[in-house]
Amino acid sequence: QVSLVESGGGSVQAGGSLRLSCTASARTSSAYAMGWFRQAPGKGREFVAGVGWTGDWIAYADSVRGRFTISKNGMLNTVYLQMDTLKPEDTAVYYCAASVGIVVVTSEEKYQYWGQGTQVTVSS
């Protein structure tokens with residue numbers, strides 16, 4: 001069982017930056033990959049970025065590559081999403097997720113654990 005708690009959402013003007021954090025509390029010693037997804041109003045949930053267990057494997061959605069950076073602090077069981085050059089179309093609820101395994105995954109269906117979500121609003 002993995003519990004995920006996100007923080008760091010908020011409102012910012014276009015071109016600004018935000019950093020999201022997600023701290024995982026696991027009751028098992030299983031390895032797990034971490035990911036960030038987002039859901040905009042009226043749309044489905046989409047993959048944003050993911051990192052493997054060791055932090056070596058990283059994947060990004062095309063829409064955020066070059067603007068967002070995912071990183072992991074293994075000692076703190078925390079994953080971060082640094083979001084720079086934000087655009088109004090980045091406005092969404094952002095979710096942290098965990099997938100049992102070591103390789104980064106991009107499919108929503110492969111994530112077993114989810115955080116409660118944090119709102120990011122980017123104004124033009």
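These values consider heavy atoms only, across backbone and side chains, with no hydrogens, waters or symmetry-generated copies.
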- Message: Would a single hydrophobic cluster contain both Tyr94 and Tyr111, if residues Ile, Leu, Val, Met, Phe, Trp and Tyr are joined by side-chain heavy-atom contacts under 4.5 Å?
- Response: no
- Note on the structure: Scanning both residues in full, the closest heavy-atom pair of Gln112 with Val100 reads OE1-N, 2.8 Å
- Query: Looking at side-chain heavy atoms only, is the closest gap between Val79 and Asn73 below 4.5 Å?
  - Reply: no
- Message: To check you understand the geometry: which heavy-atom pair defines the closest contact between Leu4 and Ala98, and what is its length?
- Response: CD1-N, 3.7 Å
- Results of salt bridge (charged side-chain N to carboxylate O under 4.0 Å, His left out) for Arg19 - residues two or more places apart only: none
- Query: Is it true that Trp53 and Phe47 fall in one hydrophobic cluster, defined by side-chain heavy atoms closer than 4.5 Å?
  - Reply: no
- Task: Search all heavy atoms of Val103 against all heavy atoms of Trp57 and return the closest pair with its distance.
- Result: CA-CE3, 3.9 Å
- Query: What is the distance from atom CD of Glu6 to atom SG of Cys22, rounded to the nearest 0.5 Å?
  - Reply: 5.5 Å
- Linking I/L/V/M/F/W/Y whenever any side-chain heavy atoms sit under 4.5 Å apart, do Val5 and Tyr113 land together? no
Show every donor-acceptor pair shorter than 3.5 Å between a side-chain atom in residues 81-89 and any protein atom, with sequence neighbours excluded, or say none if there are none.
| unit_1 | atom_1 | unit_2 | atom_2 | d |
| --- | --- | --- | --- | --- |
| Gln82 | NE2 | Asp84 | OD1 | 2.9 |
| Asp84 | OD1 | Ser17 | OG | 2.7 |

- Note on the structure: Taken to the nearest 0.5 Å, the spacing of Ser63 OG from Asp90 CG works out to 7.0 Å
- Message: Applying side chain to side chain contact (heavy atoms under 4.5 Å, CB included) to Thr118 and Val93, what does each step give before you reach the verdict?
- Response: CA-CA 5 Å; Thr118 185; Val93 177; over 6 Å; no
- Message: Could you report the tightest heavy-atom contact between Ala92 and Gln39, atom names first, then the distance?
- Response: CB-O, 3.4 Å
- Item | Pair Phe37 and Tyr95, ring centroids less than 6.0 Å apart | no
- For Thr106 and Ala59 the tightest heavy-atom approach is CG2-CB, 4.1 Å
- Query: Has the side chain of Thr91 got a donor or acceptor atom that lies under 3.5 Å from a matching backbone atom of Val122?
  - Reply: yes
- Item | Minimum-distance pair of heavy atoms, taken over all atoms of Thr69 and Tyr60 | CA-OH, 3.3 Å
- Side-chain heavy-atom pair Arg38, Glu46 within 4.5 angstrom cut-off: yes
- Would you say the side-chain atoms of Thr78 and Ser21 include a donor-acceptor pair closer than 3.5 Å? no
- Query: Aromatic ring centroids of Phe68 and Trp36 under 6.0 Å?
  - Reply: no
- Message: Would you say Val105 ends up clustered with Trp114 if hydrophobic residues are merged whenever their side chains have heavy atoms under 4.5 Å apart, either directly or through other cluster members?
- Response: yes
- Interatomic distance, Ser124 atom OG to Gln13 atom CD [nearest 0.5 angstrom]: 9.0 Å
- Residues Tyr80, Ile70; criterion side chain to side chain contact (heavy atoms under 4.5 Å, CB included); working and verdict: CA-CA 6 Å; Tyr80 305 97; Ile70 189 171; over 6 Å; no
- Would Asn77 and Tyr32 count as a side chain to side chain contact (heavy atoms under 4.5 Å, CB included) if you check the C-alpha gap in whole Å, the side-chain angles of each, and the deciding distance to 0.1 Å? CA-CA 10 Å; Asn77 289 330; Tyr32 44 92; 4.2 Å; yes
- Using the side chain to side chain contact (heavy atoms under 4.5 Å, CB included) rule, take Val104 and Asp56 through it: C-alpha gap first, then chi angles, then the decisive distance, then the call. CA-CA 9 Å; Val104 63; Asp56 294 332; over 6 Å; no
- Query: From Ser7 OG over to Gln116 CD, what is the distance, rounded to the nearest 0.5 angstrom?
  - Reply: 9.0 Å
